[in-house]
Amino acid sequence: MTFYTYDYLKSSQSNWQYARVIALSVLAVIFILFLIHYLRNRLDNKYKDLSIIVATLLLLVLAVQYNDFSAIQSSSKQTGQITQTVRQVAKRLELPPEKVSVNSTTQNANLMVKAPNGFYRVDYNADGTAFVLEKVELDSSSRIKVEEAR
């Protein structure tokens with residue numbers, strides 16, 4: 001069973017978004033440079049062809065970015081919810097959030113919490129606004145792995 005630390009959950013929220021913005025910016029700058037070279041030398045078709053190729057790549061990356069936008073937004077919202085849950089659990093256990101780990105990156109019905117003093121199961125109410133912590137004993141054959149932020 002893999003558990004994720006509070007720092008891991010916080011750091012995984014926006015890593016890919018920065019990489020995509022950087023890729024879009026680089027492609028846009030390259031496109032503008034090729035377009036300027038083409039406008040200065042209208043008889044030289046290689047800059048026109050290069051600017052068309054880069055514009056096509058730019059449109060492709062923009063389409064992928066737009067397609068993944070709702071998925072990224074949903075994932076970010078779910079990760080924000082689970083970090084809030086970790087903070088609430090840590091407060092109830094009177095621990096700092098950095099000492100608490102969860103077995104999922106999203107809120108679900110089978111959420112387990114690993115704390116220094118044992119393992120807990122999180123039972124949510126029907127609408128998911130409140131929860132109860134129940135201390136549990138894990139099977140000795142359970143392999144516990146903790147993913148931490150790098």
Side-chain angles (χ1 to χ4, degrees), residues 1-93 95-116 119-131 133 138 141-150:
M1 185 180 305
T2 303
F3 284 85
Y4 303 96
T5 63
Y6 179 71
D7 292 331
Y8 177 86
L9 293 170
K10 282 188 354 185
S11 69
S12 67
Q13 286 183 3
S14 62
N15 292 344
W16 286 106
Q17 294 170 351
Y18 292 125
R20 289 181 180 191
V21 168
I22 290 170
L24 281 171
S25 301
V26 168
L27 281 175
V29 167
I30 291 171
F31 172 69
I32 290 170
L33 290 174
F34 284 144
L35 189 62
I36 289 171
H37 280 294
Y38 169 67
L39 292 175
R40 285 187 181 170
N41 306 316
R42 290 186 187 250
L43 298 177
D44 195 359
N45 284 335
K46 73 177 176 182
Y47 292 116
K48 176 184 175 185
D49 295 340
L50 287 172
S51 63
I52 290 173
I53 290 169
V54 173
T56 305
L57 282 174
L58 186 62
L59 288 175
L60 178 67
V61 171
L62 280 171
V64 169
Q65 177 72 17
Y66 180 76
N67 189 32
D68 290 344
F69 178 72
S70 62
I72 290 170
Q73 191 176 18
S74 174
S75 173
S76 179
K77 182 180 177 183
Q78 288 176 349
T79 304
Q81 289 172 343
I82 197 69
T83 56
Q84 179 66 25
T85 301
V86 169
R87 285 194 300 268
Q88 290 175 352
V89 168
K91 185 177 179 182
R92 285 192 189 176
L93 296 175
L95 295 168
E98 291 78 17
K99 296 210 182 239
V100 177
S101 303
V102 291
N103 71 334
S104 177
T105 57
T106 61
Q107 280 185 331
N108 59 42
N110 301 318
L111 190 63
M112 298 286 291
V113 174
K114 179 184 177 296
F119 295 91
Y120 296 87
R121 185 168 56 106
V122 179
D123 288 329
Y124 290 100
N125 65 354
D127 61 356
T129 57
F131 61 87
L133 287 177
L138 292 183
S141 65
S142 298
R143 293 186 178 216
I144 306 298
K145 178 182 170 189
V146 178
E147 287 285 332
E148 297 186 36
R150 297 172 204 231

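For the single chain, residues carry numbers from 1 onward in sequence order.
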Undergrad: Mind listing the closest non-hydrogen atom pair of L27 and V54 along with its distance?
TA: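 Smallest heavy-atom distance, with atoms named: O-CG1, 3.5 Å.
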Undergrad: Y6 and side chain to side chain contact (heavy atoms under 4.5 Å, CB included): which single residue from V86, V89, V100 fits?
TA: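 Considering V86, V89, V100, a side chain to side chain contact (heavy atoms under 4.5 Å, CB included) with Y6 is found only for V86.
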Undergrad: For P97 and R87, work out which heavy atoms get closest and say how close.
TA: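 Smallest interatomic distance, heavy atoms only, reads CG-CG, 4.2 Å.
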Undergrad: Compute the centroid of each ring, for F131 and then for Y120, and state whether the two points are separated by less than 6.0 Å.
TA: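 Ring-ring flag for F131/Y120: false, centres at least 6.0 Å apart.
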Undergrad: Take S51 and F31, measure what side chain to side chain contact (heavy atoms under 4.5 Å, CB included) needs, and give me the verdict at the end.
TA: CA-CA 6 Å; S51 63; F31 172 69; 4.3 Å; yes
Undergrad: What is the distance from atom CD1 of I32 to atom CG of L35, rounded to the nearest 0.5 Å?
TA: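 Here the rounded value is 8.0 Å.
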Undergrad: Measure up the Y47 and F34 rings against each other and bin them: parallel (under 30°), tilted (30 to 60°), perpendicular (over 60°).
TA: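 Y47 vs F34 ring planes: tilted.
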Undergrad: Run the side chain to side chain contact (heavy atoms under 4.5 Å, CB included) check on Y124 and L111 step by step: do they pass?
TA: CA-CA 9 Å; Y124 290 100; L111 190 63; 3.4 Å; yes
Undergrad: Would N103 and T2 count as a side chain to side chain contact (heavy atoms under 4.5 Å, CB included) here? Give the steps.
TA: CA-CA 6 Å; N103 71 334; T2 303; over 6 Å; no
Undergrad: Please round to the nearest 0.5 Å and tell me the distance separating atom CG of L62 and atom CG of L57.
TA: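 One finds 11.0 Å between CG of L62 and CG of L57.
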Undergrad: At what distance, to the nearest 0.5 angstrom, does CG of L39 lie from NZ of K48?
TA: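 With rounding to 0.5 Å, CG (L39) is 11.5 Å from NZ (K48).
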Undergrad: Looking at every heavy atom in both A115 and L93, which two are closest together, and how far apart are they?
TA: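 Of all heavy-atom pairs spanning A115 and L93, the closest is CB-CD1, 3.9 Å.
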Undergrad: With side chain to side chain contact (heavy atoms under 4.5 Å, CB included) as the criterion, how do V102 and T85 come out once you've worked through the C-alpha distance, each side chain's angles and the decisive distance to 0.1 Å?
TA: CA-CA 9 Å; V102 291; T85 301; 5.9 Å; no
Undergrad: Nearest 0.5 angstrom please: K114 NZ to T5 OG1, how far?
TA: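 It is 10.5 Å, given to the nearest 0.5 Å.
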Undergrad: Using 0.5 Å steps for rounding, measure from the CG atom of D123 to the CG atom of N110.
TA: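 Taking CG in D123 and CG in N110, the distance rounds to 9.5 Å.
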